[in-house]
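Input: a single structure, listed below in structure tokens.
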Number of protein chains: 2
Amino acid sequence: MSDTDVAAWAALLRVHAALVPLIDRELQAACGLPLTWYDVLLELNSAPDRRLNMSDLGDVALVSRTRASRVVDQMVAAGLVTREPNPDDRRSAYATISEAGRARLRAAAPAYLASIRRHFTSRMTPAESATVAAALRKVLADPPGDSDQASAVPPAV
Amino acid sequence: MSDTDVAAWAALLRVHAALVPLIDRELQAACGLPLTWYDVLLELNSAPDRRLNMSDLGDVALVSRTRASRVVDQMVAAGLVTREPNPDDRRSAYATISEAGRARLRAAAPAYLASIRRHFTSRMTPAESATVAAALRKVLADPPGDSDQASAVPPAV
DNA sequence: TCAAATAATGTGCGTGCGCACGCATCATCA
DNA sequence: TGATGATGCGTGCGCACGCACATTATTTGA
């Protein structure tokens with residue numbers, strides 16, 4: 001019964017474990033960009049004013065807020081991003097994608113897409129990939145906040 | 001065009017990033033088992049003779065071969081697994097799930113399934129989860145070996 | 001107006017993780 | 001049998017990652 005439930009989850013874990021290091025290495029070999037950096041550039045580029053503060057970047061990208069702060073430092077050193085203070089809230093800092101960052105993103109996109117296609121999307125039908133995208137997006141859409149110990153499974157021990 | 005291609009992949013990355021730490025914490029709170037340990041127990045339990053050498057464990061489970069060696073050490077210390085030399089090949093070592101390990105696995109399974117259901121499968125229709133499982137399994141089935149620099153994207157720089 | 005609560009950030013620290021390497025063992029072949 | 005390459009394994013090492021905490025700034029409430 002619940003065997004089919006866990007099957008999708010298990011397959012997701014396996015695919016992630018198999019493909020992320022692979023695609024990361026390919027992307028890095030092709031354009032010197034770690035997958036994490038690519039994702040940060042992507043999110044910044046599509047954000048309003050092409051910038052995001054650390055908290056929002058941590059929410060939307062694949063890095064945590066804590067890690068975002070350090071990754072942005074490295075990307076600033078690499079010239080892909082600039083750090084700017086927010087004049088309206090001096091606690092926060094904006095990470096803004098630079099022109100060089102946009103150029104790198106544009107240059108890397110074809111290789112990234114090719115990797116995804118080669119290892120992932122090409123192995124399924126268009127209908128399947130559409131269903132996968134739709135289903136996984138529904139998972140993300142819901143508020144995952146009900147997960148505190150309050151309503152969670154009572155400790156079995 | 002290729003926008004729909006990347007959508008499924010991006011959603012997979014996001015779902016993994018959002019749910020794995022969540023489910024890991026829940027599993028650990030409910031039964032003191034990290035997700036990694038649970039997966040190792042699961043694979044060992046379903047392996048022939050309930051045992052696997054380090055290489056095979058690294059192949060099939062969510063840990064790398066290198067990491068498997070250390071995780072098995074910890075799980076031996078916790079009494080969930082035993083390390084046994086392979087008499088037929090003295091280079092290799094078997095990790096065998098212990099009775100205590102099987103008991104822990106059985107005890108943890110309901111909490112794990114509940115977490116998966118609550119955060120993942122319950123957000124999609126049965127047809128969707130079946131399609132997700134089938135599609136992702138096809139991704140895993142294929143030989144991913146063609147990824148060497150040989151046939152990969154020529155370095156753009 | 002000002003103190004207390006809240007929020008955004010940066011950082012020390014411990015842990016997880018895999019690569020590169022070396023050791024021991026096995027397989028092959030002359 | 002003896003030498004050479006291949007294989008399985010464990011470990012030193014460095015990087016990635018997130019938690020807990022301190023700091024600074026903003027907001028709230030009386």
Side-chain angles (χ1 to χ4, degrees), chain A residues 13 16-29 32-40 47 51-78 81-96 148-149, chain B residues 13 16-29 32-40 51-78 81-96 148:
Chain A
L13 291 180
H16 180 94
L19 261 50
V20 165
L22 185 62
I23 292 180
D24 190 19
R25 268 193 297 269
E26 285 186 5
L27 186 61
Q28 205 148 352
L33 274 183
L35 184 52
T36 301
W37 288 28
Y38 183 93
D39 187 67
V40 167
R51 68 187 183 183
L52 244 34
N53 62 40
M54 299 304 153
S55 298
D56 292 342
L57 182 57
D59 282 344
V60 70
L62 292 175
V63 294
S64 68
R65 181 199 63 79
T66 304
R67 181 109 197 96
S69 179
R70 302 191 217 248
V71 169
V72 164
D73 281 343
Q74 298 174 262
M75 296 177 71
V76 166
V81 160
T82 62
R83 242 186 208 280
E84 300 164 356
N86 177 357
D88 295 337
D89 185 341
R90 298 200 310 202
R91 292 171 302 180
S92 70
Y94 279 133
T96 309
D148 286 340
Q149 293 91 322
Chain B
L13 290 181
H16 180 93
L19 260 51
V20 166
L22 185 62
I23 291 180
D24 190 18
R25 268 195 297 270
E26 284 187 5
L27 187 62
Q28 205 148 352
L33 275 182
L35 184 51
T36 301
W37 288 29
Y38 184 93
D39 187 67
V40 167
R51 68 186 183 184
L52 245 33
N53 62 39
M54 299 304 151
S55 297
D56 292 343
L57 182 57
D59 282 345
V60 70
L62 293 175
V63 294
S64 68
R65 180 198 65 78
T66 304
R67 181 106 197 99
S69 178
R70 304 192 214 248
V71 168
V72 164
D73 281 344
Q74 301 176 261
M75 295 177 72
V76 165
V81 161
T82 63
R83 241 188 211 279
E84 300 163 359
N86 178 357
D88 295 337
D89 185 342
R90 296 201 311 200
R91 290 171 300 179
S92 70
Y94 280 133
T96 309
D148 284 341

Donor/acceptor link under 3.5 angstrom from [X] side chain onto base of [N]:
X       : N      : answer
B/Arg67 : D/dG10 : no
A/Arg70 : C/dG12 : yes
B/Arg90 : C/dT25 : no
B/Arg91 : C/dA24 : no

Using atom [atom1] of [X] as one end and atom [atom2] of [N] as the other, report the distance to the nearest whole Å.
X       : N      : atom1 : atom2 : result
B/Gln28 : D/dG18 : CD    : C1'   : 13 Å
A/Leu52 : C/dA8  : CG    : C1'   : 14 Å
B/Asp88 : C/dA24 : CG    : C1'   : 17 Å
A/Asp59 : D/dG18 : CG    : P     : 12 Å
A/Asp73 : C/dG12 : CG    : P     : 12 Å
A/Leu35 : C/dG18 : CG    : C1'   : 16 Å
B/Met54 : C/dG18 : CE    : P     : 15 Å
B/Asn53 : D/dG10 : CG    : P     : 10 Å

Tell me which of B/Asp89 and A/Thr36 sits closer to the 5' end of DNA chain D, going by the nucleotide each one is nearest to.
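Going by which nucleotide is closer to the 5' end, it is B/Asp89.
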Next item on the list: Using a 4.0 Å heavy-atom cut-off across all strands, classify A/Thr66 as base, sugar-phosphate, or nothing.
Entry: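 Answer is base: heavy atoms of A/Thr66 come under 4.0 Å of a base.
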Which part of the nucleic acid, if any, lies within contact of B/Asn86, taking any heavy atom under 4.0 Å across all strands shown: a base, the sugar-phosphate backbone alone, or nothing?
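No contact.
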Closest non-hydrogen atom pair between [X] and [Y], with its separation:
X       : Y       : answer
A/Ala17 : B/Leu62 : CB-CD2, 4.0 Å
A/Met54 : A/Ser69 : SD-CA, 4.0 Å
B/Val76 : B/Arg83 : CG2-N, 4.0 Å

>> Check the phosphate of C/dG18 against B/Ser64, side-chain N and O only, distance under 4.0 Å to OP1 or OP2. Yes or no?
In response: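 True: B/Ser64 side-chain N/O within range (under 4.0 Å) of C/dG18 OP1/OP2.
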side-chain N/O A/Arg83 vs C/dG10 OP1/OP2, d < 4.0 Å: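 For C/dG10, OP1/OP2 do have a side-chain N/O of A/Arg83 under 4.0 Å.
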**Message:** So, applying side chain to side chain donor-acceptor pair (under 3.5 Å) with A/Ser92, which one of A/Asn53, A/Asn86, A/Asp56 is it?
**Reply:**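 Of the listed residues A/Asn53, A/Asn86, A/Asp56, the side chain to side chain donor-acceptor pair (under 3.5 Å) partner of A/Ser92 is A/Asn86.
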Select one nucleotide: of C/dC19, C/dT9, C/dT11, the one nearest the side-chain heavy atoms of A/Arg25.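 The closest nucleotide is C/dC19.
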- [ ] Report yes if the side chains of A/Leu52 and A/Val60 come closer than 4.5 Å at any heavy-atom pair, otherwise no.
- [x]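 In short, these two side chains touch, coming nearer than 4.5 Å.
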Could you check A/Ser92 against A/Pro21 and say which one's nearest nucleotide on DNA chain C is further toward the 5' end?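 Nearest nucleotide further toward 5': that of A/Ser92.
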